[in-house]
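Naming convention: chains lettered A, B, ... in sequence-line order (proteins, then strands); numbering from 1 in each chain. All heavy atoms count here, side chains included; hydrogens, waters and symmetry mates do not.
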Amino acid sequence: MSLEIKNLSKTFEEQDAVQPIPALQNITLSVNQGQFLSVIGPSGCGKTTLLRIIAGLEKASAGTVLINGALPERPWEHVGFVFQEYALFPWRTVIDNIAFGLEMKHMSKKERYTKAREYCKQFGIDGFEYCYPREISGGMRQRVAIARTLINDPTIVLMDEPFGALDSQTRSQLQTFLLQIWQRSQKTVLFITHSIDEAIFLSQHIIGLTRRPGSIGLSLPVDLAYPRDITSDEFNRYRREIIRFLNAQQNDEEYSSKASKIVTWYEYKRALC
Amino acid sequence: MTARRMKRSFLFPVGLLILWQLCSVLGILPRSVIPSPVHIIAALYELLAEGLPRGSTLNMHCLYSLLRVACGFMLAASVGVPLGILCGWSRTVRDMLTPIIETLRPIPPLAWIPLAILWFGIGLTSATFIIFLGCFFPILLNTISGVVSVEPILINAARTLGASDRQIFLHVLLPGATPAIYTGLRIGLGIGWMTLVAAEFTGVKSGYGLGYMIMTARDIQRPDLVLAGMAVIGLTGFLLDCIVRLFEARALRWRS
Ligand SMILES: Nc1ncnc2c1ncn2[C@@H]1O[C@H](COP(=O)(O)OP(=O)(O)OP(=O)(O)O)[C@@H](O)[C@H]1O
Ligand SMILES: [Mg+2]
């Protein structure tokens with residue numbers, strides 16, 4: 001088992017919060033080595049929080065996360081994280097961004113550039129090695145971000161809506177590309193998305209999170225052969241099932257009555273910025 | 001475009017100078033109120049050739065002033081930048097130091113002159129200390145705000161890419177804060193330069209220094225020499241800022 005999450009809960013207790021914000025509730029989930037698993041759920045249900053806890057960037061309020069069967073002291077050393085916003089270092093060129101992890105391991109400049117160039121070629125970013133992030137397109141940036149993560153050879157790759165900000169054409173290009181890399185490298189991937197089609201197109205298993213506090217409301221294995229045809233009837237069956245789940249989240253009576261109360265200071269401040 | 005803008009930046013001030021000269025010639029601005037540009041240029045030549053007091057030429061005054069500023073500024077930068085990064089990085093350190101910083105900051109550097117003379121006597125050390133005080137706070141505060149404004153997501157990214165705390169300090173916080181650090185250095189240098197001249201006015205008596213030179217000109221009642229000295233101070237300050245800007249532009253190519 002590559003990743004095991006047991007009874008994970010998270011409540012934000014900020015000093016300036018009006019009340020504690022429960023973000024995740026009792027998540028139990030295991031991901032096999034090499035599995036591609038997607039998490040889908042309404043906005044603000046705690047998807048990013050889940051990934052951050054797995055990566056050790058945030059502490060869980062309760063529950064455990066095991067990576068390769070152990071409770072790692074520094075979880076971030078075992079995972080690769082591709083962020084919702086690309087999070088490239090703007091002061092580094094493309095190649096220096098990609099080689100960042102190698103540089104931190106004190107690999108010589110020659111060695112790490114050789115390796116980074118290989119990745120550039122593989123990721124279709126050759127020719128842009130010496131550009132700065134602001135000089136390349138969003139699609140390119142996301143390729144760089146993925147290359148930068150994979151060059152470190154992490155056991156588990158966490159991807160937080162990596163294609164959310166891209167136009168649909170670039171997006172589907174990168175989806176196909178990601179599948180190729182995944183099939184070649186056999187990495188464990190935990191992929192977060194808002195897009196139903198993206199989840200079905202990519203993953204072997206789909207987890208649906210409920211409204212905040214997010215808990216597992218849907219666990220759906222996707223038994224379709226790759227590459228998948230998004231116009232096929234089977235694809236549509238999965239689509240229907242997920243849409244039904246997500247709609248149920250929206251129409252949830254209990255939610256709408258609670259919703260107005262749980263506008264937190266955190267969200268208030270975020271909205272103001 | 002750039003050439004046109006440079007021309008603009010050059011022609012307008014020159015036009016004003018010509019206007020000023022015209023007013024002087026026509027008697028609208030009598031010499032007793034303000035000397036004409038031509039007189040000031042002549043005075044400048046006098047400062048360069050004969051010196052004030054006689055033998056102490058302008059370039060020596062400049063050199064001494066620059067040396068004082070260089071010492072104070074270097075010291076302020078080498079303390080202010082690391083301390084600023086530390087304060088930005090650690091909330092504990094920030095909480096501990098903020099009240100001290102904010103109490104010391106409003107004290108004008110010139111108010112320190114008596115203490116400086118008591119501690120270091122009259123001389124380079126004293127001047128360095130006063131200039132240090134002038135440069136230090138803008139550098140420190142800008143560095144802190146630069147570090148604080150580094151996006152947390154970049155720190156998280158570095159962490160998941162295997163960077164240690166030390167490496168995050170060096171490879172994320174420092175470059176991320178660089179734009180703000182440069183702003184701090186530029187403001188600090190400007191204030192340091194202003195502090196210098198004022199410090200030379202009152203305290204520092206080594207026989208050389210632009211402030212000292214201006215005071216001498218005042219004593220012999222030569223407004224043209226005073227204005228020439230002021231012009232040199234202004235232009236040198238401008239030049240210093242240009243030099244820092246040059247470094248800044250090179251270091252921040254990724255931003256433009
Ligand atoms: N540091 C924090 N302090 C307080 N509340 C937080 C914090 N981080 C997240 N939250 C709250 O926790 C909830 C879950 O946030 P999270 O970012 O995980 O949602 P998400 O599912 O990733 O949303 P999106 O789909 O918009 O990316 C949100 O209601 C958010 O306001
Ligand atoms: Mg999110």
Side-chain angles (χ1 to χ4, degrees), chain A residues 48 51-58 72 74-94 96-107 112 130-136 141 144-160 273, chain B residues 81-82 84-85 88-92 94-95 98 142-186 244-256:
Chain A
T48 301
L51 288 200
R52 287 172 55 84
I53 291 173
I54 295 171
L57 300 174
E58 194 97 63
R74 286 183 289 276
W76 51 85
E77 287 173 1
H78 304 265
V79 304
F81 207 128
V82 178
F83 294 86
Q84 200 164 357
E85 320 82 352
Y86 318 106
L88 297 177
F89 303 113
W91 53 83
R92 285 179 166 250
T93 55
V94 163
D96 279 328
N97 261 288
I98 294 177
F100 183 87
L102 304 178
E103 192 179 333
M104 297 305 110
K105 287 183 200 139
H106 307 289
M107 190 183 272
R112 62 175 195 259
Y130 298 101
C131 292
Y132 287 102
R134 68 173 163 85
E135 299 169 320
I136 58 177
R141 276 181 219 167
V144 175
I146 297 171
R148 180 180 73 167
T149 301
L150 291 185
I151 203 169
N152 272 351
D153 204 24
T155 338
I156 303 167
V157 184
L158 308 173
M159 304 182 94
D160 189 2
C273 298
Chain B
V81 172
I85 296 183
W89 168 249
S90 154
R91 172 161 284 176
T92 318
R94 191 156 69 240
D95 288 347
T98 301
N142 275 286
T143 306
I144 294 176
S145 83
V147 172
V148 172
S149 69
V150 171
E151 290 188 53
I153 197 167
L154 293 181
I155 297 170
N156 286 334
R159 188 155 278 151
T160 59
L161 290 166
S164 64
D165 277 359
R166 204 181 72 89
Q167 287 172 323
I168 288 176
F169 201 89
L170 275 178
H171 296 287
V172 184
L173 296 183
L174 188 60
T178 304
I181 292 177
Y182 268 103
T183 307
L185 290 177
R186 277 180 48 206
V244 183
R245 260 180 216 260
L246 222 66
F247 280 103
E248 184 180 19
R250 275 195 52 173
L252 301 183
R253 248 172 320 174
W254 53 270
R255 224 166 48 139
S256 70

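Between A:A87 and B:A157, the closest heavy-atom pair is O-CB, 4.0 Å.
Of the inter-residue distances, the one linking A:I151 atom CD1 with B:L161 atom CG reads 10.5 Å to the nearest 0.5 angstrom. Note that OG of B:S164 is 13.0 Å distant from NZ of A:K105, once rounded to the nearest 0.5 Å. Remark: B:I153 CD1 to A:F83 CZ distance equals 5.5 Å, nearest 0.5 Å.
A:E103 meets the salt bridge (Lys or Arg N to Asp or Glu O under 4.0 Å) test with A:R92, A:R112; sequence neighbours excluded. Take B:Y182 and apply the ring-ring contact (aromatic ring centres under 6.0 Å, His included) test, not counting sequence neighbours, and it matches no residue.
The side-chain heavy atoms of A:R52 and B:N156, taken from C-beta on, include a pair separated by under 4.5 Å. With a 4.5 Å cut-off on side-chain heavy atoms, A:F100 and B:H171 count as touching. Put simply, the side chain of A:H106 reaches to within 4.5 Å of the side chain of B:Q167, judged on heavy atoms.
Both the backbone and the side chain of A:R148 come within contact range of chain B, judged by heavy atoms closer than 4.5 Å. Looking at A:E85, the atoms closer than 4.5 Å to chain B (heavy atoms on both sides) sit in the backbone and in the side chain alike. Residue contact with chain B, scored on non-hydrogen atoms closer than 4.5 Å, is absent for A:L158. Within the 4.5 angstrom heavy-atom criterion, no atom of B:A251 approaches chain A.
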Can B:L154 and A:W91 be said to form a side-chain contact (heavy atoms from CB on, under 4.5 Å), step by step?
CA-CA 11 Å; B:L154 293 181; A:W91 53 83; 4.0 Å; yes
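Judged by distance alone, the side chain of A:R134 and the main-chain N or O of B:W254 form a donor-acceptor pair under 3.5 Å.
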